[in-house]
Amino acid sequence: MRRLTAVLTALLAATAGAVIAPPPAAAAPVCALYCDTRDPSLARQETFPVPEVNLNGRRLVLHVSDPDRMAWASIDNGVLGDSVWLDRSWTDGSSWDGLLGRASIPATWTGTRTLMYNFADPAAHRRGMVRACGDAGGVTCTAWAYVKVCDTVCDGADPATAVGDSLPVPGTVLSNRRIDLHIDTRGLAWATLGSGQAGDEVWLDRSWDEGASWPGGSSLGRVSVAAGATSVRTTMINTRDPRSLLYGGAVRACGRATGGANGSCTAWARPAADRAAAAADALAHAYRTDTAWWPSSWWNSAVAVTALGDWSARTGRTDYRWLIDRTYELNKGVMPAGQKSTDAIEGSFISRAIDDTGWWALAWLQAYDLTRDAKYLNTAVTIGNYMHSYWDGVCGGGVWWNRERTYKNAVTIGLYVRLTAALHNRIPGDTLWLGRANAGWNWFAASGMINGSGLVNDGITSGCGNNGQTVWTYNQGLAVGAAVELWRATSNASLLASARQLADAAMNSAVLTRSGVLTESCDPANSCDDNQKQFKGIFMRYLMDLADVTGVAAYRTYAQRQADAVWQSNRDSLNRIGLRWAGGTPNARDWRTQASGLGALLAATAGPATPPPPPPTEAAWAPNVSYATGTVVTYAGARWQCRQPHLSQVGWEPPNVPALWLRL
C-alpha cells in the first residue's frame with residue numbers, strides 16, 4: 001500500500017487533486033463479478049461519478065460501470081508518453097494501491113485508457129474507493145469516487161429523518177455518560193451520547209467483516225457535545241452497500257469523555273427490524289461472489305439459493321436476484337472433482353450423487369417461478385430426465401441414491417416426486433412428468449419408509465424393507481412437499497390428506513419436536529455434520545407450502561413457534577443463527593445453520609391468499625368461458641396463468657383445476 005507523507009498531504013491541501021505517486025508495490029488482483037484487468041470494451045455501462053480533471057490541457061476521466069462493479073481511467077488530448085492509471089483505496093483514502101493498469105499514450109495517438117479494476121472486493125468483505133490519476137507534465141488525480149455508502153439514502157442523513165428507532169444492543173457507560181447505538185427500519189445507524197458535557201465525543205464504526213476490522217469505517221460522523229449541552233448524536237450511516245455487493249455490514253457506537261484518553265464502544269450489531277431480511281443479509285454475507293457459491297458444500301449451496309429465492313418470492317424484494325443468476329451462470333458447466341464437490345460436476349449441475357443433483361433442480365424451478373426465465377426450467381427438465389434414468393424395477397421401482405445404485409432412500413424419492421410434479425405444473429399440456437410423479441408417489445407410499453408413527457425413516461434395505469434408520473426432518477419435509485405439489489397437479493384430496501398426516505406426525509412427535517421446538521436427533525449433542533445442519537430449514541419450507549395451500553392455522557402457529565425460538569434464543573447481535581433452535585451451548589453456527597434458520601423465519605410469514613371454496617352450485621359461476629394458453633387472471637387476490645387452452649365448465653377454475661392453471 002502507498003501511504004501519504006506529510007509533504008504529500010500538504011500538496012493535496014494546496015493543489016486540488018495533486019498527488020505524486022511513488023513507485024507501486026504489485027497489488028493483489030481482486031475478483032468480484034469479474035477479475036481485475038478486464039477490457040473496458042466489455043463494460044455494460046459507462047458513468048462518470050466524479051468531475052473530470054484538466055491536467056495541463058489533457059482530459060483526465062474516471063469511468064465506472066456499476067453493473068460490473070468496475071472502473072477504468074482515460075486521458076485524452078495528450079501527447080506521446082502521457083500516462084494514466086487508477087488508484088484504489090480500501091481505507092478512507094489515506095492509503096491505496098497505486099498505478100493500477102498504468103498505460104501511456106503511444107506514438108500517433110492522443111489518448112489512452114487503463115483496463116478495468118474492481119472498486120469493491122465483496123468476497124473478502126472489503127469496500128473500496130477509486131480515482132483516476134495521470135502524469136502529463138505533472139501528476140494529478142480526480143476526486144475519489146464512492147466515498148459515501150448509498151442505499152435508500154446516502155451516509156450523512158439526519159437522524160430526524162429516521163424511519164423507526166431500535167436499540168439492537170445494550171448501551172455502554174463511560175464516566176457516567178451513556179452511549180447508545182440506534183438503527184432504523186432501513187438499516188441506517190446513528191450513535192448518541194447522553195448525560196455528558198461539552199467536549200465529549202461520540203461516533204460510529206462500520207465493519208464489513210463482522211467486526212474483525214473496520215478500515216475506512218472508523219470514527220464515522222464523529223461529533224462533540226456543544227457548550228451548554230449534555231447530549232449529542234451523529235448523522236446516520238448505512239449498513240448495506242448494494243453497489244459494492246456488500247450486505248450485512250456491522251456497526252457499533254463509540255464515545256470518549258472529555259479530558260480522557262480512553263473510550264468505550266457498544267457491541268457490534270446488524271439491523272434486525274425485519275427478521276427474515278436480517279437473516280437473509282447474514283446469509284448473503286457468507287456468499288462468495290467470485291466463485292458463486294457458499295464454500296464448501298455443493299448441495300447445501302443449492303438449498304441456500306432456494307432459501308434466498310423463497311425470501312424474494314415471499315417479500316417481493318429483488319435484492320438477491322443477481323446472486324441466484326450468478327450462481328447459475330458460473331456453475332452450470334463442467335467442473336472436476338474436488339473443485340466444488342467431491343464428485344465431478346458434469347454440466348447442468350449433474351453429478352453421480354442423484355440427490356445432490358435433485359436439490360439443484362428444485363433451486364432452478366424456484367428461480368424460474370421468480371423470473372420466468374426459461375433457462376432455469378430447461379435445466380430442471382434436464383435434471384429430471386437424468387434422475388429418471390435411475391428409476392428401475394428393483395424393489396418395484398424408486399430412484400437410486402447414487403450412480404452406483406447402492407441405495408434407495410427417502411431423500412431421493414422425495415426430491416424426484418416434488419420435481420416431476422412441479423415440472424408437470426409448469427409445462428403446458430404435459431402428461432409425461434405427471435405419470436412419473438404419480439408413479440413415484442405411489443412407490444414411496446407403498447415402500448414402507450413411512451413407519452407406524454407416520455415418520456419417514458431414511459431408506460430401505462436390500463431386501464426392500466424399511467431400514468429403521470434415523471428419522472431426519474428433511475425427509476419428513478420432502479415427503480410433505482412432494483404430496484403437496486402432486487396435489488396441485490391432480491386435485492387428489494388424498495394427497496393433501498397424506499401431506500397433513502406427515503406434517504402432523506412431525507409436529508406431535510417427541511422424536512422431531514421437543515418442548516415445542518423442531519429438533520434434529522443430532523442437535524442436543526451439537527454433533528450434526530455439515531449436511532444435517534441444514535435439514536430443519538428444509539422441513540420448514542414444505543410446512544410453509546402446506547400452510548399456504550390449506551390455510552390450517554396450526555401449521556402457521558407451529559411455524560411461528562419455531563421462528564420465535566430462532567429469533568429469541570438462537571441469534572446473536574449480528575443476526576447469525578445457530579444449529580440448536582432452542583439455544584444452548586455449545587451451538588454450531590455457519591451459513592448452513594443460517595439458511596436453515598431463514599427457512600423457519602419465512603415459514604412464519606403470511607403467504608399468498610388461499611382461494612375460497614367454490615360456490616355451492618355451478619350456476620354461481622360463469623361457465624363456457626374460453627381460455628388461451630398464457631392467459632393471466634386474478635382470482636381471490638392471486639394471479640393464475642392458463643397452462644393449456646380449454647373451455648371452462650364451471651367458470652373460474654384456478655383453485656379447483658390446478659392441472660390447467662399455474663399460480664403465479
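A cation-pi arrangement is present between Arg252 and Trp214 under the rule of less than 6.0 angstrom and at most 45 degrees off the ring axis. Figure legend: Arg314 and Trp311 shown without cation-pi pairing, the cationic atom not lying both under 6.0 angstrom from the six-membered ring centre and within 45 degrees of its axis. Both tests pass for Arg131 against the ring of Trp96: distance under 6.0 Å to the centre and angle within 45° of the axis. Figure legend: Arg541 and Phe539 shown without cation-pi pairing, the cationic atom not lying both under 6.0 angstrom from the six-membered ring centre and within 45 degrees of its axis. A cation-pi contact links Arg126 to Trp90, judged by a cut-off of 6.0 Å to the six-membered ring centre and 45° from its axis.
The six-membered or imidazole ring of Tyr390 lies away from that of Trp401, with a centre-to-centre distance of 6.0 Å or more. Proximity of the aromatic rings of Tyr416 and Trp391 is defined here by a centroid distance below 6.0 angstrom, and this criterion is met. Side-chain rings of Trp72 and Trp85 stay apart, their centers remaining 6.0 Å or farther from each other. Between Tyr287 and Tyr320, the gap from one ring centroid to the other reaches at least 6.0 Å.
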Where do Arg206 and Asp155 land on the salt bridge (charged side-chain N to carboxylate O under 4.0 Å, His left out) test, with the steps shown first?
CA-CA 12 Å; Arg206 175 171 57 201; Asp155 288 349; 3.0 Å; yes

Under the criterion side-chain contact (heavy atoms from CB on, under 4.5 Å), I'd like the reasoning laid out for Met540 against Leu602: C-alpha separation, chi angles, the key distance, then a yes or no.
CA-CA 8 Å; Met540 296 306 299; Leu602 287 172; over 6 Å; no

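Between Arg270 and Asp572 there is no salt bridge, since none of the side-chain N atoms of the basic residue sits less than 4.0 Å from a carboxylate O of the acidic one. With respect to the salt-bridge test (charged N to carboxylate O, under 4.0 angstrom), the residues Arg403 and Asp343 do not qualify.
Side chains of Tyr328 and Asp373: no donor on one and acceptor on the other come within 3.5 Å. Residues Glu520 and Thr473 bring a donor and an acceptor atom of their side chains to less than 3.5 Å of each other.
Across Arg580, Lys533, Lys536, a single residue satisfies side-chain hydrogen bond (donor to acceptor under 3.5 Å, both in side chains) together with Asp523, and that is Lys536.
Minimum heavy-atom separation, Gly398 to Lys408: O-NZ, 3.4 Å.
At least one donor-acceptor pair closer than 3.5 Å links the side chain of Thr420 to the backbone N or O of Val417. The main-chain N or O of Ser351 is never found under 3.5 Å from a side-chain atom of Glu346 such that the two would form a donor-acceptor pair.
Here the CZ atom belonging to Arg321 is positioned 7.5 Å from the OG1 atom belonging to Thr371, to the nearest 0.5 angstrom.
No side-chain heavy atom of His285 sits less than 4.5 Å from a side-chain heavy atom of Leu574.
Relative ring orientation between Phe535 and Tyr474 is described as parallel, the plane-to-plane angle staying below 30° on a 0-90° scale split at 30° and 60°.
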